[in-house]
Participant: 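So that we are looking at the same thing, I have put the structure below in structure tokens.
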Amino acid sequence: MALATAYGHLTAADPVLKQLVGSVGQPDPFTREGRGYPASSNFAAMALHIVCQQISTAAALTIFGRISASMGGDVTPAGLLALPEDRLRACGLSQAKASYLHDLARRQAEGAIDLENMAGVDDATALADLTAVRGVGLWSAQMFLIHQLKRSDVLPAEDIGIRRAIERAWQLDTMPEIEDTRRRALPWAPYRTYAAALLWSSLSSPAPFEEEPGSGVRADAPETTQ
């Protein structure tokens, strides 16, 4: 029912989105393939989002597996704080990312943030709490809101895949700027997460106006926070 309601709103709000739905269907942003990261908790998932920054998903999963193995299988605040930065670097992390994970673990352990109990926290507050962590930019925080908190109105306007999909579907001369992307998405509220899933999916299918397939740009293109 939520899927039908969301896409009903989007197709009524934007004729281009309506064409995209006709082309790629109605992707569910909360069950998309390839998002099943091996995280045992919201904390572990946020740690993995940090590890994923600026590297391939395959490399990130390998590094995350080493970190997990170093603490007995589960990535926890106590486990991370018990590992010195040189041990984390030996797992494949940069010095910066090792410090980011320690800051995340410290904040969770001290109660400055509670990643396991954010269901009642509104989107703006959740984003502010997450981006207060060293190394967590807006993109990583938005990924957490989408994939862990299942929030329905998140549009990662900084995401290259989103902007590339808009450029293609609207037949723009250049990729839109971040603020242009945000303005374009205003009528899509309160279902901008579904619009994001639709735009990401459109990159792997021919656009309504083209014969050739999409560019294949990763939907989870990382931010530059390292």
Participant: How close do A195 and L17 get, counting heavy atoms only, and between which atoms?
Facilitator: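 What the structure gives for the nearest pair is CB-CD1, 4.4 Å.
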Participant: Measure from the side-chain N and O atoms of T125 to the backbone N and O of V121, and report whether any donor-acceptor pair falls under 3.5 Å.
Facilitator: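 No; judged by distance alone, with no hydrogens or angles, the pair does not exist.
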Participant: Indicate whether the side chain of S140 and that of Q53 have a donor and an acceptor atom separated by less than 3.5 Å.
Facilitator: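 Side chains of S140 and Q53: pair found under 3.5 Å.
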Participant: May I ask you to test the L186-R192 pair for a side-chain heavy-atom distance under 4.5 Å?
Facilitator: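 L186 reaches R192 side chain to side chain.
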Participant: Is the shortest heavy-atom distance from the side chain of L93 to the side chain of Y100 under 4.5 Å?
Facilitator: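 No, every pair of side-chain atoms sits at 4.5 Å or beyond.
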Participant: The test is side chain to side chain donor-acceptor pair (under 3.5 Å); show your working for S99 and E85 and say whether it passes.
Facilitator: CA-CA 7 Å; S99 71; E85 286 192 7; 4.9 Å; no
Participant: Side chain of D122, backbone of A124: donor and acceptor closer than 3.5 Å?
Facilitator: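 Yes, D122 side chain to A124 backbone: donor-acceptor pair under 3.5 Å.
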Participant: If you round to the nearest 0.5 Å, how far is OG1 of T62 from CZ of R66?
Facilitator: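 R66 atom CZ to T62 atom OG1 measures 6.0 Å (nearest 0.5 Å).
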Participant: Counting distance only, does the side-chain N/O of S202 pair as donor-acceptor with the main-chain N or O of L199 below 3.5 Å?
Facilitator: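 Confirmed, S202 side chain pairs with L199 backbone.
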Participant: CZ/F30 to CZ/R151 distance, rounded to the nearest 0.5 angstrom?
Facilitator: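 So the CZ of F30 and the CZ of R151 are separated by 10.0 Å.
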Participant: Testing the basics here: between S41 and V75, what is the closest heavy-atom pair and its distance to 0.1 Å?
Facilitator: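 Heavy-atom minimum between the residues: OG-O, 4.3 Å.
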Participant: Please name the pair of heavy atoms, one in L155 and one in A185, separated by the smallest distance, quoted to 0.1 Å.
Facilitator: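 Shortest heavy-atom separation between L155 and A185 comes out as CG-CB, 3.8 Å.
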Participant: What is the distance from atom CH2 of W200 to atom CZ of R164, rounded to the nearest 0.5 Å?
Facilitator: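 Between atom CH2 of W200 and atom CZ of R164 there are 15.5 Å.
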Participant: For the residue pair Q142 and T131, establish whether any side-chain heavy-atom pair is separated by less than 4.5 Å.
Facilitator: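 No. Closest side-chain heavy atoms not under 4.5 Å.
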Participant: Is there a chain of hydrophobic side chains (I, L, V, M, F, W, Y, each step under 4.5 Å between heavy atoms) that links W139 to I178?
Facilitator: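 No, W139 and I178 fall in different hydrophobic clusters.
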Participant: Counting distance only, does the side-chain N/O of T193 pair as donor-acceptor with the main-chain N or O of V154 below 3.5 Å?
Facilitator: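 Confirmed, T193 side chain pairs with V154 backbone.
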Participant: Can you tell whether the side chains of D86 and R89 come within less than 4.0 Å, N to carboxylate O?
Facilitator: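 Judged by the 4.0 Å cut-off on N to carboxylate O distance, D86 and R89 do not form a salt bridge.
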Participant: For A4, is there any backbone N or O sitting under 3.5 Å from a side-chain donor or acceptor partner on H9?
Facilitator: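 Between the backbone of A4 and the side chain of H9 there is no qualifying donor-acceptor contact (under 3.5 Å).
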Participant: Restricting to non-hydrogen atoms, name the atom on I166 and the atom on P176 that form the minimum distance, rounded to 0.1 Å.
Facilitator: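 Reported closest heavy-atom pair: CG2-CG, 3.8 Å.
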Participant: Is the backbone of F43 close enough, under 3.5 Å, to the side chain of Q108 for a donor and an acceptor to pair up by distance?
Facilitator: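 Looks like no, no N/O pair under 3.5 Å.
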Participant: Would you give the length of the straight line joining atom CG of L149 to atom CZ of F144, rounded to the nearest 0.5 angstrom?
Facilitator: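 Reported to 0.5 Å precision, the distance equals 4.5 Å.
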Participant: Please tell me if the side chains of L198 and V24 come closer than 4.5 Å, counting only heavy atoms from C-beta onward.
Facilitator: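 Yes, their side chains come closer than 4.5 Å.
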Participant: Does D129 use its side chain to pair, donor to acceptor, with the backbone of I113 at less than 3.5 Å?
Facilitator: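 Side chain of D129 to backbone of I113, a donor-acceptor pair under 3.5 Å: no, none is there.
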Participant: Under 4.0 Å between a Lys/Arg side-chain N and an Asp/Glu carboxylate O for D103 and R107?
Facilitator: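 Between R107 and D103 there is a salt bridge, with a charged N closer than 4.0 Å to a carboxylate O.
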Participant: Would you say the side chain of I67 lies within less than 4.5 Å of the side chain of L101, judging by non-hydrogen atoms?
Facilitator: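 Touching, per the 4.5 Å side-chain cut-off.
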Participant: Between D159 and T181, is the side chain to side chain contact (heavy atoms under 4.5 Å, CB included) condition met? List the steps.
Facilitator: CA-CA 10 Å; D159 188 272; T181 300; over 6 Å; no
Participant: Check P27 against L3 and note the closest heavy-atom contact, atom names and distance.
Facilitator: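 In this case the closest contact between P27 and L3 is O-CD1, 3.9 Å.
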Participant: If you round to the nearest 0.5 Å, how far is CG of D14 from CG of L10?
Facilitator: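 If we round to the nearest 0.5 Å, L10:CG and D14:CG are 8.5 Å apart.
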Participant: Can you find a pair of side-chain heavy atoms, one from N42 and one from M118, that are under 4.5 Å apart?
Facilitator: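 They are not in side-chain contact.
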Participant: In terms of hydrophobic clusters joined by side-chain contacts under 4.5 Å, are V133 and L81 together?
Facilitator: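 Per the 4.5 Å side-chain linkage, V133 and L81 are not co-clustered.
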Participant: Kindly say whether W188 contributes a backbone atom to a donor-acceptor pair with the side chain of Y194 at under 3.5 angstrom?
Facilitator: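 Such a contact is absent between Y194 side chain and W188 backbone.
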Participant: Between the main-chain N or O of L80 and the side-chain N or O of H102, is there a donor-acceptor pair closer than 3.5 Å?
Facilitator: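 Yes, H102 side chain to L80 backbone: donor-acceptor pair under 3.5 Å.
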Participant: Between R184 and E179, is there a side-chain heavy-atom distance shorter than 4.5 Å?
Facilitator: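 They are not in contact (no side-chain heavy atoms under 4.5 Å apart), so the answer is no.
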Participant: Mind listing the closest non-hydrogen atom pair of D114 and N117 along with its distance?
Facilitator: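 Smallest interatomic distance, heavy atoms only, reads OD2-ND2, 2.9 Å.
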Participant: For the CE atom of M175 and the CZ atom of R163, what is their distance to the nearest 0.5 Å?
Facilitator: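 Result: 4.0 Å between the selected atoms.
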Participant: Should L48 and L61 count as side-chain neighbours, where that means a heavy-atom distance under 4.5 Å?
Facilitator: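 Touching, per the 4.5 Å side-chain cut-off.
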Participant: Are the side chain of S68 and the backbone N or O of F64 linked by a donor-acceptor pair below 3.5 Å?
Facilitator: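 The answer is no, because no donor-acceptor pair under 3.5 Å joins these two groups.
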